[in-house]
Amino acid sequence: MTPEELSKTIKESLESLVASQKLDLPEIPEIKIERPKSKDHGDFASNIALMVSKSAGKNPREVAQLLVDVLSKNPGLKKVDIAGPGFLNFTLDSASLGELAKSILEQADKYGHTKTLNNETINIEFISANPTGPLHLGHTRWAAVGDAIARVLAASGAKVVREFYINDRGAQLDKFGISICAVANNEAIPEDGYHGAYVKDLAAEIVKERPEILKLSKDKQEIEFREEGYKRQLKQQQNVLDGFRTHFDVWYSERSLHSSGAVEKGLALLKKHGHVFEHEGATWLKTTDFGDDKDRVLIKADGEYTYFASDTAYYVDKRSRGNDVNIYLLGADHHGYVNRLRAVAACAGDDPDKNVEVLIGQLVKMLKNGQEVRLSKRAGNIITLEDLVDEVGVDAARYTLTRYPVDTPLTLEIDLLTSHTNDNPVFYVQYAHARIAAVIRSAQEKGIDWQKNKFNPAALVTEQEAELLGALSEFPRIVSSAAQLRQPHRVARYLEELATAYHSFYSACRVLPLVGEPVTDETIARLVLCAATKQVVKNGLDLLGVSAPEKM
RNA sequence: GCGCCCGUAGCUCAACGGAUAGAGCAACUGGUUUCUACCCAGUAGGUUGGGGGUUCGAUUCCCUCCGGGCGCACCA
């Protein structure tokens, strides 16, 4: 019996109590099953009696007792207890609990997938770095987290579009071109330009391939260097992200918004809804109608579109492409955008609570030798995605970054991460996977075919086996809550618990028979349990974009 | 000044409004002639920043104060 089945059983019991007029309930709420922290509280628990007691007009323990009377007739339930204020604690028959292992193997890589978010089309935009330099540590956090969110959303039945917005228009890109041009001409880079070492490399590369640029006028040189630099820098970002296993469905260029007429189209829609006005020669959007602190300029007095105009058009464009929910992952330094973006949605006639979701991620700090390393693209003193990967590898980098909720500032102690990997739980989880793989290899070498032998779930009787099965049963619920809350770190934390349950099982329960001992029901059942655990660890690591090694 | 985020064990951090607030690291005590010891079992460590409130029940929700981070452009 899985938690879902138990939940359904409780619901039916409540319905029967209502039908026989033993209980008076206007409606039955969603019945949540959780796994108790303490083993004394059984395999599963529910607070349903506490939830409905008020509307039923009975005290919680009375409601619980009514439920126990019905539920205890169920053959899969060994014991149903009432505890504390009115919790229901369920202890399953060991065979009923053990069935899960087989079921997981049948579902294989689909175990954990649900239809929680069915039919929702969700667009998730993240990183969206300027194409004026390498991706830094902050971007790296979004690369890992954004991609992991996309994966849990997809696993929960959503249609997901991963999108990267390229800021290929405006002053920053011009400064980038000017900086490269200066280096190429052996001149000093302006103070507000880009000073990183990569600018020199780009300049050298471009001059080598297209020496004729240097013969152009300064104005034209700056444009050419800008365009060449942009092309190369974007390509570099794409390559790096590819190596980081973060793949986008859409790379959306800000320029294309303008060239395709999307900006005018967006503006027209906003006008239609009546929130655009003229003031002192500029065109404004009245975002204060919807909670913004001040109105925002769309077209400056000099006739130029603002960056904000691109943003509004971009939003309208995303919606026109069928995205119901638009998630934006922004750094804390951009949190001033939240009200603005929500107001844009409202001005376009949408519901900001439904169509827009802004996840604000706190910044990543890095300590080296006990001192904070300042991240600044312009200063050139930056820690890049590649730096982090070179130090700890893709697996450890992704895992570390997805292990924490994004609304807390993250401090990476590089000395700790680089010195050795003991502190990094990714290895603990991966090790569990590799360890299981070794057991299964061993079984094959001994000629034990656990797939053909009959699986007897009742052979799984120890405390450690029940604990492990309980942990396995939680996976679908964890994934779907991670998707609904947009918090992939729940998957990582879960995997650590699952790995602990496995290691504990492994120490207490010998799987393969010793020399001279026979293959029993217990051997087969434990092998099935191992295989099921291996599957779930792999499924979980996949959601984080972390590999599941067969050997370590 | 206004707004957003954060404050939990010595350190880094968890905890759909649920039961005795949990892990890892660091400290201490044990465990492997057997399937991977990158492991397991255990000890110690807390007024969840302070104070109010909401309720069967608050680390979680509301108010307030203290402390820290980040924002408040006809920049992008």
Side-chain angles (χ1 to χ4, degrees), chain A residues 30 32 34 36-38 40-41 45 47 50-51 53-54 59-60 83-87 89 130 132 167 169-175 254 279-284 293-294 296-302 304-308 310-311 331-339 360-363 365 403-413 416 420-425 427-428 430-432 434-443 445-446 464 477-478 480-481 484-485 487 489-490 492-493 496-497 499-500 502-515 517 526-527 530 551-552:
Chain A
E30 186 199 352
K32 286 179 272 185
E34 55 184 30
K37 286 170 198 156
S38 161
D40 302 335
H41 297 153
N47 62 354
L50 293 156
M51 299 284 288
S53 66
K54 191 170 265 180
N59 85 48
F87 289 102
N89 290 338
N130 288 334
T132 54
N167 296 288
R169 197 173 169 280
Q172 290 307 318
L173 198 66
D174 290 341
K175 282 178 190 166
E254 185 185 354
H279 178 64
E280 292 181 353
T283 303
W284 299 65
D293 352 332
K294 56 188 81 170
R296 307 289 169 178
V297 173
L298 289 165
I299 306 173
K300 295 188 261 181
D302 64 7
E304 281 283 309
Y305 283 108
T306 60
Y307 184 83
F308 178 65
S310 300
D311 274 355
D333 53 343
H334 285 74
H335 75 250
Y337 274 36
V338 179
N339 283 336
I360 293 299
Q362 296 298 311
L363 303 179
K365 266 187 205 166
R403 195 173 171 256
Y404 306 98
V406 291
D407 52 9
T408 46
L410 182 55
T411 305
L412 296 178
E413 294 200 35
L416 216 72
H420 241 293
T421 46
N422 287 355
D423 293 333
N424 198 324
F427 291 95
Y428 181 77
Q430 286 184 317
Y431 181 62
R435 205 177 204 189
I436 302 171
V439 172
I440 290 173
R441 271 197 305 275
S442 225
E445 283 160 18
K446 289 182 202 296
Q464 287 80 7
R477 190 179 69 80
I478 296 288
S480 103
S481 76
Q484 286 177 293
L485 299 167
Q487 293 183 337
H489 77 274
R490 287 168 188 279
R493 300 290 170 160
E496 289 161 32
E497 276 176 35
T500 297
Y502 182 77
H503 288 311
S504 183
F505 154 80
Y506 182 90
S507 308
C509 306
R510 172 83 202 180
V511 177
L512 300 175
L514 294 167
V515 179
E517 289 183 353
R526 285 180 176 174
L527 272 170
C530 284
K551 282 183 185 172
M552 282 175 80

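Keep in mind that the numbers below use all heavy atoms, side chains included, and drop hydrogens, waters and symmetry copies. Chain identifiers are assigned alphabetically (A, B, ...) following the order of the sequence lines, protein sequences preceding nucleic acid strands; residue numbering begins at 1 within each chain.
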request  = Would you indicate whether the side-chain heavy atoms of K446(A) and L512(A) approach each other to under 4.5 Å?
outcome  = yes

task = Scan A432(A) against the nucleic acid and name what it touches under 4.0 Å (heavy atoms): base, sugar-phosphate only, or nothing.
result = nothing

ask   = Would a distance-only check, ignoring hydrogens and angles, find a side-chain to backbone donor-acceptor pair under 3.5 Å from T306(A) to I299(A)?
value = no

request  = Mark this stacking check for H334(A) against rG71(B) as yes or no, applying ring centres under 5.5 Å and ring planes under 30°.
outcome  = no

request  = Just compare rC74(B), rA73(B), rU34(B) and give me whichever is closest to any side-chain atom of E280(A).
outcome  = rC74(B)

message = By the 4.0 Å heavy-atom rule, please label A282(A) as base, sugar-phosphate, or nothing.
response = base

task = Quote, to the nearest angstrom, the P distance that separates rU47(B) from rC5(B).
result = 27 Å

request  = Enter the distance from E445(A):CD to I440(A):CD1 here, rounded to the nearest 0.5 Å.
outcome  = 12.5 Å

request  = Mind checking L514(A) for me? I need base, sugar-phosphate or nothing, with any heavy atom below 4.0 Å counting as a touch.
outcome  = base

ask   = Counting side-chain heavy atoms from CB outward, which of rG71(B), rC38(B), rC74(B) is closest to M552(A)?
value = rC38(B)

ask   = If you check every side-chain atom of S504(A), which of rC70(B), rC40(B), rU36(B) has the closest atom?
value = rC40(B)

task = Under 4.0 Å between any heavy atoms, over every strand shown, what does D407(A) touch: base, sugar-phosphate, or nothing? Just pick one.
result = sugar-phosphate

message = Tell me the closest heavy-atom pair linking P60(A) and L50(A), and the distance in Å.
response = CB-CD2, 3.8 Å

With F87(A) via ring-ring contact (aromatic ring centres under 6.0 Å, His included) - residues at least two apart = none

request  = Give the rounded distance in Å between these two atoms: OH of Y502(A) and C1' of rA23(B).
outcome  = 21 Å

remark   = In whole angstroms, the gap separating P of rC75(B) from CZ of R169(A) amounts to 12 Å

message = Can you see if the side chain of R490(A) gets near the phosphate of rC16(B) - specifically, an N or O under 4.0 Å from OP1 or OP2?
response = yes

ask   = For the pair made of CZ in R403(A) and C1' in rU12(B), what is the distance, rounded to whole Å?
value = 8 Å

key: Backbone of A492(A) reached by a side-chain donor or acceptor of R490(A) within 3.5 Å   = no

task = Just call it for Q430(A): base, sugar-phosphate, or nothing, with non-hydrogen atoms closer than 4.0 Å on any strand.
result = nothing

note = In Watson-Crick or G-U wobble terms, with both distances under 3.5 Å, the base opposite rC38(B) is none

Pair E254(A)-S310(A), side-chain hydrogen bond (donor to acceptor under 3.5 Å, both in side chains): steps then yes or no = CA-CA 7 Å; E254(A) 185 185 354; S310(A) 300; 2.8 Å; yes

query = What residues, two or more places apart in sequence or in another chain, satisfy ring-ring contact (aromatic ring centres under 6.0 Å, His included) together with Y506(A)?
reply = none

Side chain of P405(A) - closest among rA14(B), rC74(B), rG18(B) = rA14(B)

query = With rounding to whole Å, what would you report as the distance between rU54(B) and rC13(B) at their C1' atoms?
reply = 29 Å

request  = Kindly point out which of rG71(B), rC38(B), rC35(B) is positioned nearest to the side chain of V439(A)?
outcome  = rC35(B)

request  = Pick the P atom in rU29(B) and in rC35(B), then give their distance to the nearest Å.
outcome  = 27 Å

ask   = Do the side-chain N or O atoms of K175(A) get closer than 4.0 angstrom to the phosphate oxygens (OP1, OP2) of rC75(B)?
value = no

request  = Let me know the distance between NE2 of H335(A) and C1' of rC4(B), rounded to the nearest Å.
outcome  = 4 Å

inquiry  = Output the rounded distance in Å from NZ (K32(A)) to C1' (rA19(B)).
reply    = 16 Å

query = H489(A) side chain N/O closer than 4.0 Å to the phosphate oxygens (OP1, OP2) of rA15(B)?
reply = yes

inquiry  = My understanding is that a pair needs two contacts under 3.5 Å, Watson-Crick or G-U wobble. By that rule, which nucleotide pairs with rC2(B)?
reply    = rG71(B)

remark   = Separation of rC16(B) atom P from Q487(A) atom CD, nearest Å, is 8 Å

task = Classify the side chain of D293(A) versus the base of rG3(B) as yes if they form a donor-acceptor pair under 3.5 Å and no if they do not.
result = no

Rounded distance in Å between the P positions of rG3(B) and rG46(B) = 37 Å

request  = Could you tell me whether the side-chain ring of Y428(A) sits stacked on the base of rG24(B), using a centroid cut-off under 5.5 Å and a plane angle under 30°?
outcome  = no

request  = Scan K294(A) against the nucleic acid and name what it touches under 4.0 Å (heavy atoms): base, sugar-phosphate only, or nothing.
outcome  = sugar-phosphate

task = Check every strand shown and say whether G84(A) touches a base, only sugar-phosphate, or nothing at a heavy-atom separation below 4.0 Å.
result = nothing

query = Which base, if any, makes a Watson-Crick or G-U wobble pair with rU59(B), both distances under 3.5 Å?
reply = none

ask   = Given rA73(B), is OP1 or OP2 found less than 4.0 Å from the side-chain N or O atoms of T306(A)?
value = no

key: ring-ring contact (aromatic ring centres under 6.0 Å, His included) against F308(A), all qualifying residues, sequence neighbours excluded   = none

query = rC35(B), rC39(B), rC13(B): which one has an atom nearest the side-chain heavy atoms of S442(A)?
reply = rC35(B)

query = Which part of the nucleic acid, if any, lies within contact of A301(A), taking any heavy atom under 4.0 Å across all strands shown: a base, the sugar-phosphate backbone alone, or nothing?
reply = base

key: Between rC70(B) and rG17(B) - P atom distance, rounded Å   = 29 Å

note = Ranking L410(A) and A83(A) by the position along RNA chain B of their nearest nucleotide, the one closer to 5' is L410(A)

ask   = When you measure from the side chain of T408(A), which nucleotide among rC35(B), rA14(B), rC75(B) comes out closest?
value = rA14(B)

inquiry  = Just to verify, what does E496(A) make a salt bridge (charged side-chain N to carboxylate O under 4.0 Å, His left out) with, not counting sequence neighbours?
reply    = R403(A)

message = Tell me whether the side-chain N/O atoms of S507(A) come closer than 4.0 Å to OP1 or OP2 in rC35(B).
response = no

message = Over all strands shown, is D311(A) touching base, sugar-phosphate only, or nothing at heavy-atom distances under 4.0 angstrom?
response = nothing

inquiry  = Can you identify which nucleotide, out of rU12(B), rC38(B), rC74(B), has its nearest atom closest to the K300(A) side chain?
reply    = rC74(B)

message = Let's see if you can work this out: which of rC39(B), rG18(B), rU12(B) has an atom nearest to the side-chain heavy atoms of Y404(A)?
response = rU12(B)

key: Verdict with reasoning, L173(A) to T132(A), per side chain to side chain contact (heavy atoms under 4.5 Å, CB included)   = CA-CA 6 Å; L173(A) 198 66; T132(A) 54; 3.8 Å; yes

All N/O contacts under 3.5 Å from nucleotides 53-60 of chain B to the protein, with atom names and distances to one decimal?
from	atom 1	to	atom 2	distance (Å)
rC56(B)	OP1	K54(A)	NZ	3.2

Partners meeting ring-ring contact (aromatic ring centres under 6.0 Å, His included) with Y431(A) (sequence neighbours left out) = H503(A)

query = Rounding to a whole Å, what distance do you find between E254(A):CD and rC75(B):C1'?
reply = 12 Å

key: Separation between the P atoms of rA27(B) and rC11(B), rounded to whole Å   = 16 Å

message = Nearest whole Å is fine: how far is rC70(B) P from Q362(A) CD?
response = 10 Å

